[in-house]
K.L.:
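Questions regarding the structure given below will be posed in turn.
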Amino acid sequence: MLPRLIATTLFLLLPIMGIAKSVDAQGQAIIYNGDLVDARYRATQQAIKQAVLESSSRVNVKDELYNGELESNLDIRSSGYVQQARILSEEQNGDFLTVLARVEVTPDSQCSTGPTSYYKKTVGVTGFELQVPQQARLGELSNISRELPKKLADAINQQGYLRALTATNIAIYPDLINAPSSTNNDGSLTNVTRISEQLGVQYIISGVIRDIGEVYLRFPDDKYSASNEDIIEKQRNFVVDMYIYDGFSGALLFEHRYNEVGNWDISDHARIGFGSAKFWTVHYGKVVQQALKESALDTSEELRCQPFIANIFRTEGNRIHISAGSLAGVKQGDKFNVYRRYEVFNQLQSAQTQLNNANISVTIKQVQPNFSVGELVVDSHILNVQQQDVVIAW
């Protein structure tokens with residue numbers, strides 16, 4: 001009886017566990033101090049994130065690396081389970097290690113087949129201010145506060161899971177030292193919700209460039225010749241804090257510090273600017289590029305299974321217009337739930353946004369690139385559906 005009971009139990013569990021999907025993905029990491037094992041581990045973690053995204057799944061990974069293979073102890077967030085990860089190949093190019101891993105992923109229906117995975121959520125990327133502006137003099141990188149977030153938006157769009165728009169002229173934090181906890185004059189932490197509404201995006205990405213200073217002794221006068229520069233390894237920091245906010249509530253969803261070091265293997269007198277063709281050929285530029293790829297991957301991973309939300313910007317009879325269209329993946333016949341937007345006030349009398357389920361569904365009838373028209377079962381005024389309410393797909 002016992003073997004038959006076990007077999008029956010496994011048979012019943014199979015539909016729940018799902019069928020594993022094999023995904024090959026690349027990951028890359030910088031080798032520090034010759035520690036190949038550490039670099040292999042970080043590169044394989046990146047490959048796992050990429051594989052899980054490609055299979056429309058999402059996990060938090062806690063792995064241990066043994067002889068080139070991963071044995072994973074995973075904390076499942078919502079929609080993915082990595083059964084096995086194996087390194088197929090690796091390639092070392094200087095101090096960069098690239099691995100190709102085969103990841104067996106069992107998708108979970110909550111995100112991978114749920115409606116939230118069908119749509120591209122929009123993110124607005126604001127300016128990343130430099131905490132110590134004097135550090136930009138080396139290489140003439142004074143444009144980094146606007147060019148860095150532009151490159152981040154490009155990297156996010158290349159991932160293909162989100163739609164990133166740039167607003168690098170916007171600076172969120174009045175006090176860089178204490179960001180993201182700095183306050184505005186009205187006592188609010190940030191003006192994220194207002195910026196999100198102006199840009200028409202669901203999420204806001206901001207950040208602070210903490211350190212791009214050199215960690216070697218510079219001799220800026222002419223006595224320090226180019227030949228002497230080649231003798232030492234000229235290292236330079238790249239430390240950036242990135243923050244992701246929900247644009248409707250202003251809540252901070254994610255924060256992470258990217259801390260890398262690259263070689264400034266170019267003359268101290270060179271004025272190349274951030275993001276120029278020459279900049280990306282310098283070792284330091286390659287390190288920055290790797291950090292941007294990692295931050296874009298983290299952004300996609302963090303927001304992939306979040307609900308899709310779009311504003312209602314017009315009501316007319318039983319029709320409503322929502323601020324998402326074909327560019328976001330909305331199609332004719334799609335259904336959304338309507339949520340009403342309310343303002344509540346905390347103990348400091350600062351306005352907070354609350355979304356309440358109105359138990360109303362809307363069916364999309366017309367789709368344009370940037371907006372869609374949906375139909376309610378009855379007139380919007382009867383249901384009290386108003387502008388600035390939202391539709392959500394979970």
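The figures that follow rest on heavy atoms only: side chains count, while hydrogens, waters and symmetry mates do not.
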K.L.:
Which pairs count as salt bridge (charged side-chain N to carboxylate O under 4.0 Å, His left out) when at least one residue sits in residues 148-171, sequence neighbours excluded?
P.N.:
E147-K150

K.L.:
Output the distance between atom CD1 (I364) and atom OG (S326), rounded to the nearest 0.5 Å.
P.N.:
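It comes to 12.0 Å.
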
K.L.:
Report yes if the side chains of Q26 and T98 come closer than 4.5 Å at any heavy-atom pair, otherwise no.
P.N.:
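Q26 reaches T98 side chain to side chain.
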
K.L.:
For the side chain of S372 and the backbone of Q368, is there at least one donor-acceptor N/O pair under 3.5 Å apart?
P.N.:
no

K.L.:
Can a donor-acceptor pair be found, under 3.5 Å and without considering hydrogens, that links the side chain of Q289 to the backbone of A291?
P.N.:
no

K.L.:
Is any side-chain heavy atom of Q159 closer than 4.5 Å to a side-chain heavy atom of Q50?
P.N.:
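Of all side-chain heavy-atom pairs linking Q50 with Q159, at least one is under 4.5 Å.
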
K.L.:
Between F336 and Y119, what is the ring plane arrangement, given parallel below 30°, perpendicular above 60°, and tilted in between?
P.N.:
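The arrangement is tilted - the two ring planes meet at 30° to 60°.
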
K.L.:
Rounded at 0.5 Å granularity, tell me how far CZ in F128 sits from OG in S145.
P.N.:
10.0 Å

K.L.:
Applying side-chain contact (heavy atoms from CB on, under 4.5 Å), name anything that partners Q131, two or more places apart in sequence or on another chain.
P.N.:
I177, V208, R210

K.L.:
Supply the atom-to-atom distance I266 CD1 to Y284 OH, rounded to the nearest 0.5 angstrom.
P.N.:
13.0 Å

K.L.:
What residues form a side-chain contact (heavy atoms from CB on, under 4.5 Å) with Q387, not counting sequence neighbours?
P.N.:
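Residues passing side-chain contact (heavy atoms from CB on, under 4.5 Å) with Q387: none at all.
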
K.L.:
Can you tell if the side chain of I205 reaches within under 4.5 Å of the side chain of I156, non-hydrogen atoms only?
P.N.:
yes

K.L.:
Please check if the distance between the ring centroids of F279 and F274 is under 6.0 Å.
P.N.:
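For F279 and F274, the ring centres are under 6.0 Å apart.
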
K.L.:
Is a side-chain donor or acceptor of R236 paired with a backbone partner of I212 at a separation under 3.5 angstrom?
P.N.:
yes

K.L.:
According to a hydrophobic-cluster definition based on side-chain heavy atoms being under 4.5 Å apart (Ile, Leu, Val, Met, Phe, Trp, Tyr only), do L138 and V215 belong together?
P.N.:
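Unlinked, L138 and V215 end up in two clusters.
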
K.L.:
Could you grab the distance from atom CD1 of I322 to atom CD1 of I312, nearest 0.5 Å is fine?
P.N.:
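Those atoms lie 8.0 Å apart.
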
K.L.:
Quick check against the 3.5 Å criterion: does S300 have a side-chain atom that pairs as donor or acceptor with the backbone of L297?
P.N.:
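Checked: no pair found.
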
K.L.:
Would you say that more than 12 heavy atoms from the other residues, nucleotides or ligands in this model lie under 6.0 Å from the CG of N33, or not?
P.N.:
no

K.L.:
Could you pull out all residues at least two apart from E90 that satisfy side chain to side chain donor-acceptor pair (under 3.5 Å)?
P.N.:
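Per chain and number, E90 pairs via side chain to side chain donor-acceptor pair (under 3.5 Å) with R40.
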
K.L.:
Between the side chains of T122 and Q202, does any donor sit under 3.5 Å from an acceptor?
P.N.:
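No donor-acceptor contact under 3.5 Å links the two side chains.
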
K.L.:
Inspect the surroundings of CZ in R137 and state if more than 12 heavy atoms from other residues, nucleotides or ligands are less than 6.0 Å away.
P.N.:
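No.
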
K.L.:
Could you report the tightest heavy-atom contact between G329 and D334, atom names first, then the distance?
P.N.:
O-OD2, 4.2 Å

K.L.:
Please walk me through it: do Y258 and M242 pass side-chain contact (heavy atoms from CB on, under 4.5 Å)?
P.N.:
CA-CA 8 Å; Y258 299 90; M242 184 179 77; 3.7 Å; yes

K.L.:
Under the rule for side-chain contact (heavy atoms from CB on, under 4.5 Å), what residues qualify as partners of N169, not counting sequence neighbours?
P.N.:
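Per chain and number, N169 pairs via side-chain contact (heavy atoms from CB on, under 4.5 Å) with R146, A167.
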
K.L.:
Is any side-chain heavy atom of V362 closer than 4.5 Å to one of N337?
P.N.:
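Not in contact.
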
K.L.:
So, do L53 and R304 sit near enough that their side-chain heavy atoms are less than 4.5 Å apart?
P.N.:
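In short, these two side chains touch, coming nearer than 4.5 Å.
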
K.L.:
Determine whether L165 and I172 fall in the same hydrophobic cluster, where Ile, Leu, Val, Met, Phe, Trp and Tyr are linked whenever their side-chain heavy atoms lie under 4.5 Å apart.
P.N.:
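Yes: a chain of side-chain contacts under 4.5 Å links L165 to I172.
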
K.L.:
Kindly determine whether V99 and L88 satisfy side-chain contact (heavy atoms from CB on, under 4.5 Å), including the steps that lead there.
P.N.:
CA-CA 8 Å; V99 303; L88 299 178; over 6 Å; no

K.L.:
Mind listing the side-chain donor-acceptor pairs of residues 376-385 below 3.5 Å, one per line with the distance, residues two or more places apart or on another chain?
P.N.:
{"residue": "D379", "atom": "OD1", "partner": "H381", "partner atom": "N", "Å": "2.8"}
{"residue": "S380", "atom": "OG", "partner": "G317", "partner atom": "O", "Å": "2.8"}
{"residue": "N384", "atom": "OD1", "partner": "Q386", "partner atom": "NE2", "Å": "2.8"}

K.L.:
Without hydrogens or angle criteria, can the side chains of E214 and Q235 be said to hold a donor-acceptor pair below 3.5 Å?
P.N.:
no

K.L.:
Taking side chain as C-beta onward, heavy atoms only, is E129 less than 4.5 Å from I209?
P.N.:
no

K.L.:
Are I195 and I170 side-chain neighbours, meaning at least one heavy-atom pair lies under 4.5 Å?
P.N.:
yes

K.L.:
Will you find, in the side chains of S22 and E104, an N or O donor that is under 3.5 Å from an N or O acceptor?
P.N.:
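Distance-only check passes for S22 and E104.
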
K.L.:
With side-chain contact (heavy atoms from CB on, under 4.5 Å) as the test, would you mind laying out the steps for E260 and V240 before giving the verdict?
P.N.:
CA-CA 9 Å; E260 306 288 355; V240 174; over 6 Å; no

K.L.:
Can a donor-acceptor pair be found, under 3.5 Å and without considering hydrogens, that links the side chain of R341 to the backbone of L355?
P.N.:
no

K.L.:
Any side-chain to backbone donor/acceptor pair from N237 onto V239? Under 3.5 Å, distance only.
P.N.:
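Here the side-chain-to-backbone pair does not exist.
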
K.L.:
E140 and S142: side-chain donor and acceptor closer than 3.5 Å?
P.N.:
yes

K.L.:
For the side-chain hydrogen bond (donor to acceptor under 3.5 Å, both in side chains) test, which of D265, D268, N263 pairs with K234?
P.N.:
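Considering D265, D268, N263, a side-chain hydrogen bond (donor to acceptor under 3.5 Å, both in side chains) with K234 is found only for D268.
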
K.L.:
For K293, check salt bridge (Lys or Arg N to Asp or Glu O under 4.0 Å) against everything at least two apart and list the hits.
P.N.:
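If we apply the salt bridge (Lys or Arg N to Asp or Glu O under 4.0 Å) test to K293, skipping adjacent residues, there are no hits.
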
K.L.:
Name all residues meeting the side chain to side chain donor-acceptor pair (under 3.5 Å) criterion together with R314; count only those two or more places apart in sequence or in a different chain, and write none if there are none.
P.N.:
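Partners of R314 under the side chain to side chain donor-acceptor pair (under 3.5 Å) test: E316.
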
K.L.:
Please determine whether side-chain contact (heavy atoms from CB on, under 4.5 Å) holds for the pair I272 and V282, giving the CA-CA distance in whole Å, both sets of side-chain angles, and the decisive distance to 0.1 Å.
P.N.:
CA-CA 10 Å; I272 59 176; V282 178; 4.2 Å; yes

K.L.:
Indicate, with yes or no, if L130 and F238 share a hydrophobic cluster defined by side-chain heavy-atom contacts under 4.5 Å among Ile, Leu, Val, Met, Phe, Trp and Tyr.
P.N.:
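As far as the 4.5 Å side-chain criterion goes, L130 and F238 are connected within one cluster.
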
K.L.:
Quick one: name the residues clustered hydrophobically with F371, using the 4.5 Å side-chain heavy-atom rule over I, L, V, M, F, W, Y, and just say none if it's on its own.
P.N.:
F313, V373

K.L.:
Using side chain to side chain contact (heavy atoms under 4.5 Å, CB included) as the criterion, point out the one residue from T299, D298, V123 that pairs with I244.
P.N.:
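One option only clears the test, and that one is T299.
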
K.L.:
Between Q332 and Q366 (side chain of the first, backbone of the second, donor and acceptor by atom type, cut-off under 3.5 Å), is there such a pair?
P.N.:
no

K.L.:
Identify whether V288 and V132 are in the same connected component of the hydrophobic contact network (ILVMFWY, side-chain heavy atoms under 4.5 Å).
P.N.:
no

K.L.:
Using 0.5 Å steps for rounding, measure from the CH2 atom of W280 to the NZ atom of K286.
P.N.:
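These two atoms lie 12.0 Å from each other.
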
K.L.:
Tell me which pairs pass salt bridge (charged side-chain N to carboxylate O under 4.0 Å, His left out) where either residue lies in residues 352-376, with sequence neighbours left out.
P.N.:
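Matches after skipping sequence neighbours: R319-E375.
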
K.L.:
Could you pull out all donor-acceptor pairs under 3.5 Å where a side-chain atom in residues 248-256 meets a protein atom, sequence neighbours excluded?
P.N.:
{"residue": "S249", "atom": "OG", "partner": "D246", "partner atom": "OD2", "Å": "2.6"}
{"residue": "S249", "atom": "OG", "partner": "A251", "partner atom": "N", "Å": "3.2"}

K.L.:
In terms of relative ring orientation, are Y173 and Y245 parallel, tilted or perpendicular, with 30° and 60° separating the classes?
P.N.:
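Correct class here is tilted.
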
K.L.:
Spell out, as yes or no, whether a donor-acceptor pair under 3.5 Å connects the side chain of T126 to the backbone of T168.
P.N.:
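Side chain of T126 to backbone of T168: no pair is present.
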
K.L.:
Could you give all pairs that pass the salt bridge (charged side-chain N to carboxylate O under 4.0 Å, His left out) test and reach residues 385-394, with sequence neighbours left out?
P.N.:
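Output for this query is empty, none listed.
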
K.L.:
Under 4.5 Å between any side-chain heavy atoms of Y32 and V261, yes or no?
P.N.:
yes

K.L.:
Is there a continuous path of hydrophobic side-chain contacts, each under 4.5 Å between heavy atoms, that joins I48 to I30?
P.N.:
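In one cluster: no.
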
